[in-house]
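From a predicted model like this one, the values you see are computed outputs, not experimental measurements. Worth knowing before you read on, the calculation uses all heavy atoms, side chains too, and leaves out hydrogens, waters and symmetry mates. This chain uses plain numbering: 1 for the first residue, then up along the sequence. Numbering of ligands and ligand atoms starts at 1, following listing order.
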Amino acid sequence: MEISAKKNEVNDIQHLFHNHFSENPQLTVISPGRINLIGEHTDYNDGFVLPAAINKAIQFSVSKRNDSSIHLFSIDKNESFSTSLDSLHASGLLWPDYVLGVVSELKKAGYLLHGFSAAITGNIPIGAGLSSSAALECAAIFALNELFQLGIGRLEMVKLTQKAENNFIGLQCGIMDMFASMMGKEGYAIKLDCRSLDYEYFPLKLDGYKIVLLDSQVNHSLASSEYNTRRQECEKGIKEIQKKYPEIINLRDVTIEMIEKSVSDPVIKKRCLYIVQEKERLLNGCKDLQNGDLAAFGKKMYETHDGLQHLYEVSCKELDLLADECRKEKDIIGARMMGGGFGGCIISIMKEDAIEAITKRISESYQSKMNKDLKVYITRIDAGTHIEK
Ligand code: GLA
């Protein structure tokens, strides 16, 4: 399904908004999910990432209210939640919290808001590692910025949504997901330096190949607590390294030799090694893409999977099996687990005319070895958050 290309779906949300709130929405925002080609768990280590927005998105329709209440309606869950601007607290339903978190950060930053009504729908699979939550946060802030004419620039909106996730949801995520959703550009990946926030649009020339996601359908409950643990482990690593090399600010600045000489804890050492290797892989991988050497890039994707499996330890048996199945296929250039880990999707680069046969084979093997259905998404690189006219 390609939301941004389908006018009738926008009309659907407007119609459903009207049914629910008995008025027309003033505007509808589309905000996409994301993939990440390479550079995993590097964003919160001041490293580089290479994400892109995809053709799966959240739709968010909104209108102003005359009071200070917030009325939210999830079309897909058929659930409503209401609260007041003056009492923002966790809803107990989770999905409203992504909007409330954004409102809370806007308030903290001193932006003047009024009440609003919003209806939400989308086709980003939840828990698949495609950042449906960042897409919702970006949709909400973009819509409110427009509705109340707050005058906030895109980069500032990205920073505020990251704060919303960190402070209201409690996931200490980096900036990649929001950045990709907000700043995406059709046909381009974004090479983002997560320290300086300098970025470069990278044309993705995949002649004859497609980015295909294999959804393990494992939605691991450990993901967010383990994510925060990985962050702490990286911080411990930095403290250790700083004792010997005080000039170091972050793992971005570290070499493998420094880790070997200063980190004794074997777990922390593995985490640090992965991050430093991944930074190098990304920088070299970007050169591969510039040189049109997809084969070299694909090899690095498999190396990233190995690192996430054995050193960073954020994979799971289902993802490892899928990565192994991909390695057997000559028409898959590269594949790896993507996102935070413990479930979600494998990202792969597959020869277009072999997709059907390959995904059939992998699905059968996955079903027989893991007793699970595989979902397959063939992605297109799409535009970032925007208003649907
Ligand atoms: C999640 C986080 C991101 C990033 C990835 C791993 O998606 O939200 O900030 O750290 O995991 O690369």
For Glu23, what residues pass the side chain to side chain donor-acceptor pair (under 3.5 Å) criterion, not counting sequence neighbours?
Ser63

Which residues satisfy the ring pair (Phe, Tyr, Trp, His ring centres under 6.0 Å) test with Phe21, sequence neighbours excluded?
Phe17

Asp46 and Asn250 side chains, donor-acceptor separation under 3.5 Å:
yes

Does a side-chain heavy-atom distance below 4.5 Å link Gln367 with Lys372?
no

What residues, two or more places apart in sequence or in another chain, satisfy side chain to side chain contact (heavy atoms under 4.5 Å, CB included) together with Lys205?
none

Pairs under 3.5 angstrom, nitrogen or oxygen on both sides, ligand 1 versus protein: list them out, please.
{"residue": "ligand 1", "atom": "7 (O)", "partner": "Arg34", "partner atom": "NH2", "Å": "3.1"}
{"residue": "ligand 1", "atom": "7 (O)", "partner": "Asp177", "partner atom": "OD1", "Å": "3.4"}
{"residue": "ligand 1", "atom": "7 (O)", "partner": "Asp177", "partner atom": "OD2", "Å": "2.9"}
{"residue": "ligand 1", "atom": "8 (O)", "partner": "Asp177", "partner atom": "OD2", "Å": "2.5"}
{"residue": "ligand 1", "atom": "9 (O)", "partner": "Asp43", "partner atom": "OD2", "Å": "2.5"}
{"residue": "ligand 1", "atom": "9 (O)", "partner": "Gly174", "partner atom": "N", "Å": "2.9"}
{"residue": "ligand 1", "atom": "9 (O)", "partner": "Tyr227", "partner atom": "OH", "Å": "3.3"}
{"residue": "ligand 1", "atom": "10 (O)", "partner": "Asp43", "partner atom": "OD1", "Å": "2.8"}
{"residue": "ligand 1", "atom": "10 (O)", "partner": "Asp43", "partner atom": "OD2", "Å": "3.4"}
{"residue": "ligand 1", "atom": "10 (O)", "partner": "Tyr227", "partner atom": "OH", "Å": "2.5"}
{"residue": "ligand 1", "atom": "11 (O)", "partner": "Gly340", "partner atom": "N", "Å": "3.3"}
{"residue": "ligand 1", "atom": "12 (O)", "partner": "Glu40", "partner atom": "OE2", "Å": "2.6"}
{"residue": "ligand 1", "atom": "12 (O)", "partner": "His41", "partner atom": "N", "Å": "2.6"}

Presence of salt bridge, Lys328 and Glu325, under 4.0 angstrom:
yes

